[in-house]
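Here the structure is laid out as structure tokens; the discussion comes afterwards.
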Amino acid sequence: MKVTVIGTGYVGLVTGACLANLGHQVICADISVEKIATLASGGLPIWEMGLEGLLEEARNRQRIRFTTHIDFAIEEADVLFIAVGTPSQANGDADLSHLWSVINEIATYKLTNKLLVVKSTVPVGTTDAIDVFLQHLPPDHRPIDVVHNPEFLRQGNAVHDFFHPDRIVIGCASETARNIMHTLYKEISAPFHFCNRCSAELIKYASNVFLAMKISYINIIADLGERLGANIEDVAKGMGLDKRIGASFLQAGIGYGGSCFPKDIKALKTLGLKMECELPLLDSTEAINNNRPRTIINKAKKYLGTLKGKKIGMLGLTFKPMTDDIREAPSLAVSRLCLAEGAAVHAYDPLISTYPVQGVTLHRDMYLAADACDAMFILTEWEEFRHLDWSIISKMLHFPLIIDGRNMFSWEYMRQQAKEYDLIYLSVGRSPICAGEAVTESCPENQRHLFSSR
Ligand code: UGA
């Protein structure tokens, strides 16, 4: 089939590259001359695992083209995907200005025999509104149907998720649209879930918010369990073995970030307000998550007394590993809190070379970020941190406090390392480890003498 994808962000580009890989003829269109020039010359405007190879193959097989000419992109297409961004506005509403500007532009072309597919995450009712808008145009400007086909692509795993989805959700109004979408994705083995457009839109929000809710839930259980002497890893495993609960998204830590969960919660809350429907679980989920960075600071203060004049090393700045995205990353709030408390912040992330928080010093090596620090925070579970040499870290730190905000190390492993190298290791929902001895009560001040020789 001939497919055009309008919008070459991570969703649009991954969708285009993957559809080309399935054998379709794809055009990726964007208004950004710079982005299209990069793509047309073989470059990549974003980093996403597996995408480079996929694009290269698609280029070699002449299955993908890039353009800023929307007229050509529309004329060529049987199926027109819209994958433009829908960021949050100040009031929490999704900003649909890019989407409507594309729709207005599309509406000036002949659309008969073309299917319009909205991939962008949009407030419930938007795809119906687009359909109503297009129905008022002359007959040859109306598409076959307007479909909502939400994406469930995790950044960093987007290519894998495209080819191995748990489900393909199609919200549409006609049998013809169903058949076209079925043909488009026929090579992918996953259940198709057909429903109306509003349901498809709500499935996307409800799924993301549910996952965020699961994370906030495990985080409060972690805080409680920590006070009670439980181990959150064991608790989450025991819960996850229940198929009704499921094991995923029960990883406790400093909370979720990224361009999706925070934005989608805000958008769903706004929808609730508009519809006069109370959604208290959403407020709690958000409030719990907003407080996560503070819990790390409180842990540090328990052991350091104050952060004023202290040097904090931060490992990992992105909102999760395998991405260069720092949007809504917990590291932003953690570093701002540290700076506000009067600490100096030194940081390292494998993919970050510029950081928006003024006052944070970036290093090109994880050991340099730890040098002479009073505490080292691990904020993203990058694989390379697993190979940290604790003998070196222990010598470099001024005070040997490690706070693992992602529980990336097993408690048993860190107990051994702490014992060998006189470390204090704190994590989330697990007992603190103090110079090899697990302490269930906070006794930091009187542990300090252990390190006075440093
Ligand atoms: C999320 C959804 O997982 C995708 O299905 C969806 O398509 C995408 O949003 C979107 O709307 O476009 P993504 O934002 O890439 O994907 O990230 P996730 O892998 O879901 O992680 C989100 C955040 O939750 C990260 O900060 C991660 O560290 C955190 N997290 C995740 C936890 O703290 N605990 C967990 O158990 C899982």
Side-chain angles (χ1 to χ4, degrees), residues 7 9-15 46-49 83-88 94 119-122 149-162 164-169 190 200-222 232-233 235-237 239-240 245-268 285-286 288-290 292-293 295-296 316-334 349 378-382 404-408 427-429:
Y10 104 95
V11 172
L13 198 53
V14 168
T15 303
I46 52 156
W47 185 87
E48 184 62 44
M49 195 164 51
V84 293
T86 53
S88 282
K119 196 54 129 178
S120 309
T121 301
V122 289
N149 170 217
E151 53 83 17
F152 303 100
L153 310 174
R154 290 164 302 165
Q155 271 178 254
N157 292 82
V159 170
H160 172 271
D161 290 351
F162 184 94
H164 306 280
D166 290 336
R167 75 295 205 193
I168 295 173
V169 174
E201 289 162 337
L202 190 53
I203 286 168
K204 166 69 191 203
Y205 280 114
S207 301
N208 268 6
V209 172
F210 186 81
L211 293 173
M213 211 170 69
K214 250 183 130 178
I215 298 170
S216 280
Y217 182 71
I218 202 67
N219 281 336
I220 53 170
I221 295 298
I232 195 62
E233 309 280 296
V235 175
K237 189 169 177 192
M239 286 168 64
I245 297 172
S248 57
F249 280 74
L250 289 180
Q251 177 72 44
I254 45 164
Y256 58 79
S259 64
C260 305
F261 288 179
K263 158 179 88 79
D264 292 349
I265 290 185
K266 285 192 182 79
L268 201 56
T285 300
E286 201 176 40
I288 293 163
N289 199 61
N290 289 343
R292 295 316 286 165
T295 61
I296 295 286
L317 298 170
T318 53
F319 82 98
K320 65 173 185 179
M322 304 304 285
T323 174
D324 57 358
D325 198 337
I326 51 164
R327 282 177 290 175
E328 305 275 343
S331 74
L332 297 167
V334 174
D349 186 287
I378 300 170
L379 302 182
T380 315
E381 66 277 36
W382 281 103
D404 180 355
R406 295 293 185 177
N407 287 359
M408 74 173 290
S427 51
V428 180

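As the structure lists them, so they are numbered: ligands from 1, and atoms in each ligand from 1. None of these values were measured; they are calculated from a predicted model.
For atom 12 (O) of ligand 1, the closest non-hydrogen atom of the protein is Glu151 OE2, 2.7 Å. Scanning all protein heavy atoms for the shortest distance to atom 22 (C) of ligand 1 gives Phe261 CE1, 3.7 Å. Ranking the protein heavy atoms by distance from atom 9 (O) of ligand 1 puts Cys260 CB, 3.3 Å first. Summary of contacts: the protein heavy atom closest to atom 24 (O) of ligand 1 is Tyr256 CB, 3.2 Å. Nearest non-hydrogen protein atom to atom 15 (O) of ligand 1 is Gln155 N, 2.6 Å. Looking from atom 37 (C) of ligand 1 to the surrounding protein, the closest heavy atom is Phe249 CD2, 3.4 Å. Atom 34 (N) of ligand 1 has as its closest protein heavy atom Gln251 O, 3.0 Å. In terms of protein heavy-atom proximity, atom 13 (P) of ligand 1 is closest to Lys320 NZ, 3.8 Å.
An N or O contact shorter than 3.5 Å links Asn208 to ligand 1 by distance. By the 3.5 Å distance cut-off applied to N or O atoms, Leu211 is not counted among the residues near ligand 1. Ligand 1 has an N or O atom lying under 3.5 Å from an N or O atom of Gly257, backbone or side chain. Of the N or O atoms in Lys204, one or more lie within a sub-3.5 Å distance of an N or O in ligand 1. Considering backbone and side-chain atoms together, Arg406 places an N or O closer than 3.5 Å to an N or O of ligand 1. When only interatomic distances are considered, the shortest N/O to N/O separation between Phe319 and ligand 1 falls below 3.5 Å.
In this structure, the side chain of Ser216 does not engage the main chain of Met213 through any donor-acceptor pair within 3.5 Å. At least one donor-acceptor pair under 3.5 Å links the side chain of Thr86 to the backbone N or O of Thr121. Without hydrogens or angle criteria, Glu381 side chain to Asn407 main chain gives no donor-acceptor distance under 3.5 Å. At distances below 3.5 Å, not a single donor-acceptor pair connects side-chain atoms of Thr285 with backbone N or O atoms of Ala212. Without hydrogens or angle criteria, Arg292 side chain to Gly253 main chain gives a donor-acceptor distance under 3.5 Å.
Taking every non-hydrogen atom of Tyr10 and a distance limit under 4.0 Å, the qualifying atoms of ligand 1 come out as 12 (O). Taking every non-hydrogen atom of Leu250 and a distance limit under 4.0 Å, the qualifying atoms of ligand 1 come out as 36 (O).
Phe319 contributes atom CZ, which lies 14.5 Å from atom CG of Leu379 (distance to the nearest 0.5 angstrom). Interatomic distance, CD1 of Ile215 versus CG of Asn289, reported as 7.5 Å (0.5 Å rounding).
Heavy atoms of Gly258 stay at 4.0 angstrom or farther from ligand 1. The closest approach between Ile215 and ligand 1 falls below 4.0 Å for a heavy atom of the residue. The shortest separation from a heavy atom of Tyr205 to ligand 1 is not under 4.0 Å, leaving the residue out of contact.
Among residues two or more places apart in sequence or in another chain, the salt bridge (charged side-chain N to carboxylate O under 4.0 Å, His left out) test is passed with Glu286 by Lys269.
Ring geometry for Phe249 against Phe261 counts as tilted: the plane angle lies between 30° and 60°, on a 0 to 90° scale.
Nearest heavy atoms, Lys214 versus Gly246: NZ-O, 3.4 Å.
Residues Met49 and Val159 have side chains not in contact (no heavy-atom distance under 4.5 Å, counting atoms from C-beta outward).
Within the structure, every pair that satisfies the side chain to side chain donor-acceptor pair (under 3.5 Å) test and touches residues 150-161, not counting sequence neighbours, is listed here: Glu151-Lys204, Arg154-Asp161, Gln155-Thr323, Gln155-Asp325.
The option from Arg327, Glu328, Arg154, Lys263 that lies nearest to atom 3 (O) of ligand 1, judged by heavy atoms, is Arg154.
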